[in-house]
Amino acid sequence: MEEPNCQLSTINCQLNKTLLVILGPTGVGKTKISLHLAEHFGCPIVSSDSRQFYRELKIGTAAPTEAQLQRVKHYFIGSHSIFDEYNAGQYEQDTIQLLDELFKKNDVVMLVGGSMMYIDAVCNGMDDIPTVDTETREFWQKQYAENGLEFIQNELKKLDPKHYEQVDIQNPKRIMHALEICSMTGKPYSDLRTGERKKRNFNIIKIGLNRPRPELYERINARVDVMMGEGLLKEAEQFYEHRQMNTLNTVGYKELYEYMDGNWTLDFAINMIKQDSRRYAKRQLTWFNRDKEIKWFVPDNEEEVLEYIRNIISK
RNA sequence: GGGCAGUUACCAAAGUGGCCAACUGGGGCUGACUGUAACUCAGCUGUCUUUCGACUUCGGAGGUUCGAAUCCUUCACUGCCCA
């Protein structure tokens with residue numbers, strides 16, 4: 001009755017393999033519990049944190065420390081430079097390939113992080129859409145900057161009326177991306193969007209971590225102060241001249257650049273980091289709440305989490 | 001003690017007789033989001049109601065008026081200035 005997850009290739013069938021996804025909002029305490037779980041299962045950790053990829057952004061992304069990295073084998077922590085081009089599509093490919101390797105030796109592999117779309121990319125896959133080249137990106141950016149939102153809305157209406165009906169028409173980034181794909185492929189973006197969910201050849205257990213909102217916010221606020229104490233300002237300063245780069249359009253950095261540019265006081269910038277982190281946490285929760293496969297826990301109840309996982313795996 | 005200014009929703013701040021449940025900003029809440037995603041975007045934010053609508057608000061009390069956040073009296077508190 002159960003449809004095998006891996007009908008494409010029986011050789012690669014890995015039904016006894018499990019990807020343990022640990023997700024939750026920033027600052028909830030994913031790192032701590034995941035290290036314990038990884039040690040318990042003797043499995044490696046694959047990060048799904050789209051900013052901990054960058055080796056230059058250690059403090060501000062609360063990346064695992066050297067000591068923590070010693071304890072458990074991690075992948076995708078500091079694996080890239082902020083000067084690299086990277087995106088969720090590439091991450092999907094890289095991670096699936098990596099998981100294939102890891103599952104040869106491990107029955108359980110953990111995916112830990114809070115980057116919603118990146119987690120989705122691994123669990124459900126993404127459509128086959130080309131990576132946008134620089135010229136195309138700049139072209140549409142220029143169109144938007146010079147002619148405004150209404151103009152690109154109309155362009156989309158012409159090039160992809162179907163998508164025009166579907167996208168958030170107020171959101172310039174979404175419109176521009178659709179236009180980029182239209183002009184790169186010569187086809188409507190909506191033609192490439194299948195909405196299909198890929199079947200993976202491993203089981204997926206999704207563990208969501210959350211706390212009462214006030215507690216979560218307190219932890220976030222406190223962590224920002226810790227980061228400042230650890231030298232976040234200095235870390236950000238090093239890349240001041242590259243502050244326009246997308247990879248530095250990141251909570252914890254962009255606010256400090258406002259300070260360095262003389263627009264904000266340092267205290268104000270620090271408060272904004274806290275606030276932007278809180279907002280990010282909320283957005284993460286909104287996204288995760290849609291996913292009914294997630295089983296939620298309070299991170300302090302490690303035993304409960306462990307028991308839940310054991311129960312599923314032993315079946 | 002005297003003079004002046006002020007007290008509006010979680011905060012800041014408009015409104016100075018009817019168009020006011022009250023501009024706006026912040027915060028908060030809710031949501032959208034398949035490649036720049038820690039991005040970007042949207043809605044709500046006095047109470048009750050799904051909507052229509054009903055009800056209670058603009059420091060307290062009293063008054064003027066058909067009608068008050070807006071005018072008057074008084075009390076309380078805050079700020080600045082003079083003592």
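Everything numeric here is computed off the predicted structure, so don't read it as measured data. Proteins get letters first, then strands, A, B, ... in listed order; numbering begins at 1 in each.
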With respect to the phosphate group of [N], does any side-chain polar atom (N or O) of [X] fall under 4.0 Å of OP1 or OP2?
| X | N | value |
| --- | --- | --- |
| A:His177 | B:U36 | yes |
| A:Arg283 | B:G31 | no |
| A:Tyr118 | B:U34 | no |
| A:Lys173 | B:C41 | no |
| A:Tyr217 | B:C29 | yes |
| A:Lys254 | B:C39 | yes |

Separation of [N] [atom2] from [X] [atom1] (nearest whole Å):
| X | N | atom1 | atom2 | result |
| --- | --- | --- | --- | --- |
| A:Gln93 | B:G35 | CD | P | 15 Å |
| A:Leu57 | B:A37 | CG | P | 13 Å |
| A:Gln284 | B:A32 | CD | P | 15 Å |
| A:Asn171 | B:C39 | CG | P | 12 Å |
| A:Asn271 | B:C11 | CG | P | 18 Å |
| A:Met117 | B:G35 | CE | C1' | 6 Å |
| A:Leu248 | B:A37 | CG | P | 12 Å |
| A:His80 | B:U36 | NE2 | C1' | 15 Å |

Taking pairing as Watson-Crick or G-U wobble with both contacts under 3.5 Å, can you name the mate of [N], or confirm there isn't one?
| N | result |
| --- | --- |
| B:U40 | B:A32 |
| B:A54 | B:U47 |
| B:U8 | B:G15 |
| B:U74 | B:G60 |
| B:C23 | none |
| B:G1 | B:C82 |

Integer angstrom distance from the [atom1] of [N] to that of [M]:
| N | M | atom1 | result |
| --- | --- | --- | --- |
| B:C77 | B:A83 | C1' | 22 Å |
| B:A5 | B:U16 | C1' | 16 Å |
| B:G63 | B:A68 | C1' | 12 Å |
| B:G43 | B:G67 | C1' | 35 Å |
| B:G25 | B:U74 | P | 39 Å |
| B:U78 | B:U64 | C1' | 28 Å |
| B:U45 | B:U51 | P | 11 Å |
| B:C72 | B:C20 | C1' | 22 Å |

Base of [N], side chain of [X] - is there a donor-acceptor contact under 3.5 Å?
| X | N | result |
| --- | --- | --- |
| A:Gln141 | B:U36 | yes |
| A:Arg174 | B:C39 | yes |
| A:Asp127 | B:U34 | yes |

If only side-chain N and O atoms count, and only distance matters, is there a donor-acceptor pair under 3.5 Å linking [Y] with [X]?
| X | Y | value |
| --- | --- | --- |
| A:Glu304 | A:Tyr308 | no |
| A:Arg223 | A:Ser277 | no |
| A:Tyr240 | A:Asp261 | yes |
| A:Gln97 | A:Asp94 | no |
| A:Glu235 | A:Tyr253 | yes |

Taking NZ, NE, NH1 and NH2 as the nitrogens, is one of them in A:Arg200 or A:Glu92 under 4.0 Å from a carboxylate oxygen of the other? yes
Is the ring pair A:Phe103/A:Phe202 parallel, tilted or perpendicular, if the boundaries are 30 and 60 degrees? tilted
Would the distance check show the side chain of A:Arg197 and the main-chain N or O of A:Asn124 forming a donor-acceptor pair, the cut-off being under 3.5 Å? no
Does [X] reach a base, just sugar-phosphate, or nothing at all? Heavy atoms under 4.0 Å.
| X | answer |
| --- | --- |
| A:Pro130 | nothing |
| A:Gly60 | base |
| A:Thr61 | base |
| A:Tyr54 | nothing |
| A:Tyr253 | nothing |
| A:Thr286 | base |
| A:Gln244 | nothing |
| A:Arg137 | base |

Where does B:G35 land, syn or anti, once you apply the within-90°-of-0 test for syn? syn
Can you figure out which of [options] approaches the side chain of [X] most closely?
| X | options | result |
| --- | --- | --- |
| A:Arg279 | B:G35, B:G26, B:A37 | B:G26 |
| A:Arg213 | B:G35, B:C41, B:C29 | B:C29 |
| A:Arg51 | B:A37, B:U30, B:G35 | B:A37 |

For A:Asp120 and for A:Asn249, locate the closest nucleotide of RNA chain B by heavy-atom distance; then report the residue assigned to the nucleotide nearer the 5' terminus. A:Asp120
On RNA chain B, more 5' by nearest nucleotide between A:Asn87 and A:Gly114 is A:Asn87
Step-by-step ring pair (Phe, Tyr, Trp, His ring centres under 6.0 Å) determination, A:Phe53 to A:Tyr118: CA-CA 12 Å; A:Phe53 297 160; A:Tyr118 286 67; 5.7 Å; yes
